Amino acid sequence: MDRSQSIQRQFGAAAERYATSSYHQRSPDLENMLKAVTLSGSEQVLDVGTGTGHTALAFAPQVGSVIGLDMTEAMLAQARELAVQQGASNVSFELGDAMELPYDSDRFDLVTCRVCAHHFADVQRAVAEMARVLRPEGRLLVVDTVSPEDPAEDTYLNCIELIRDPSHVRNYSVAQWMGMLEAVGLAAEYRGTWAVLLDFDEWVTRMGTPELEQSELRALFDRAPDLVRKGLGIRSGDYYGFEIPIAMVEGHKRG
Ligand SMILES: C[S@@+](CC[C@H](N)C(=O)[O-])C[C@H]1O[C@@H](n2cnc3c(N)ncnc32)[C@H](O)[C@@H]1O
């Protein structure tokens, strides 16, 4: 199975649960993204890896139009239903690959990409594509789960993410993100990090993680060294959960 098939299999089966996921609908991410940009109301927005459309739908009332792009049709079907439920008539959802965006260069005022870049097989290529479709002076807003600067915490986080979801590639550090934006000529700005407490049961149920992998994850949580336990806010024993670091970086396309 190649990477695209792995993603479509994971998210195809999980689409309904992503549509109603409390984290995806209501985490601080969306509020922070909306606060990060000044909007005139006429912007053409592209939301890459839109999933069930939560980011696209959060921006829709404040901009001219939004296209949400994703490679998993079942996620897009849920997004279209949510758009109808919310009466959002300026949003459309299209099938496509972040690494080969089906749009002309210099088209969008704003490109958003929330909690999906850690799935991209070639993230630098996706960043180059997102920069290409931005108009000069346009902005790219990336929000993603990030790896902590401490290498042990980084290893632990990426390991548990991969066991939970085989389509996970890796979380990058903020420094790596800044480098990826600069590498395609964008002026990069770090816009902050926040932690989101993930309830273990919700986290594995949403992705359909099999029972065996759930037990492996619980064992890893139980055995986490003190430094990692503290850094990732790991809870284990009576209640399992952890605090995932989420960061926002912005790229500005020079005029
Ligand atoms: C966690 S969901 C995204 C959540 C969404 N951005 C939100 O704000 O609720 C991850 C999505 O990334 C999509 N995805 C992964 N790799 C992709 C790629 N190369 N091109 C387009 N979509 C991709 C998956 O199909 C999945 O729907």
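Note that the structure is predicted; figures quoted are calculated from it, not measured. Indexing begins at 1, ligand by ligand and atom by atom, following the structure's order. Counting begins at 1 with the first residue of the sequence.
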For Asp106, which residues count as a salt bridge (Lys or Arg N to Asp or Glu O under 4.0 Å) partner, sequence neighbours excluded?
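Asp106 satisfies salt bridge (Lys or Arg N to Asp or Glu O under 4.0 Å) with Lys253 once adjacent residues are dropped.
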By ring pair (Phe, Tyr, Trp, His ring centres under 6.0 Å) - contacts of Phe221 (at least two apart)
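In terms of ring pair (Phe, Tyr, Trp, His ring centres under 6.0 Å), with neighbours along the sequence ignored, Phe221 is linked to Phe200, Phe242.
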Are the side chains of Arg139 and Leu134 in contact, using a 4.5 Å heavy-atom criterion?
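No. Closest side-chain heavy atoms not under 4.5 Å.
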Got a donor-acceptor contact below 3.5 angstrom from the Thr209 side chain to the Arg164 backbone?
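Such a contact is found between Thr209 side chain and Arg164 backbone.
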Tell me the residues surrounding ligand 1, counting only those with a heavy atom closer than 4.0 angstrom, sorted by chain and number.
Ile7, Phe11, Tyr18, His24, Gly49, Thr50, Gly51, His54, Thr55, Asp70, Met71, Thr72, Met75, Gly96, Asp97, Ala98, Met99, Arg114, Val115, Cys116, His119, Phe120
Interatomic distance, Tyr190 atom OH to Met178 atom CE [nearest 0.5 angstrom]:
9.5 Å
Who passes side chain to side chain contact (heavy atoms under 4.5 Å, CB included) against Arg229, sequence neighbours left out?
Ala224, Ile234, Ser236
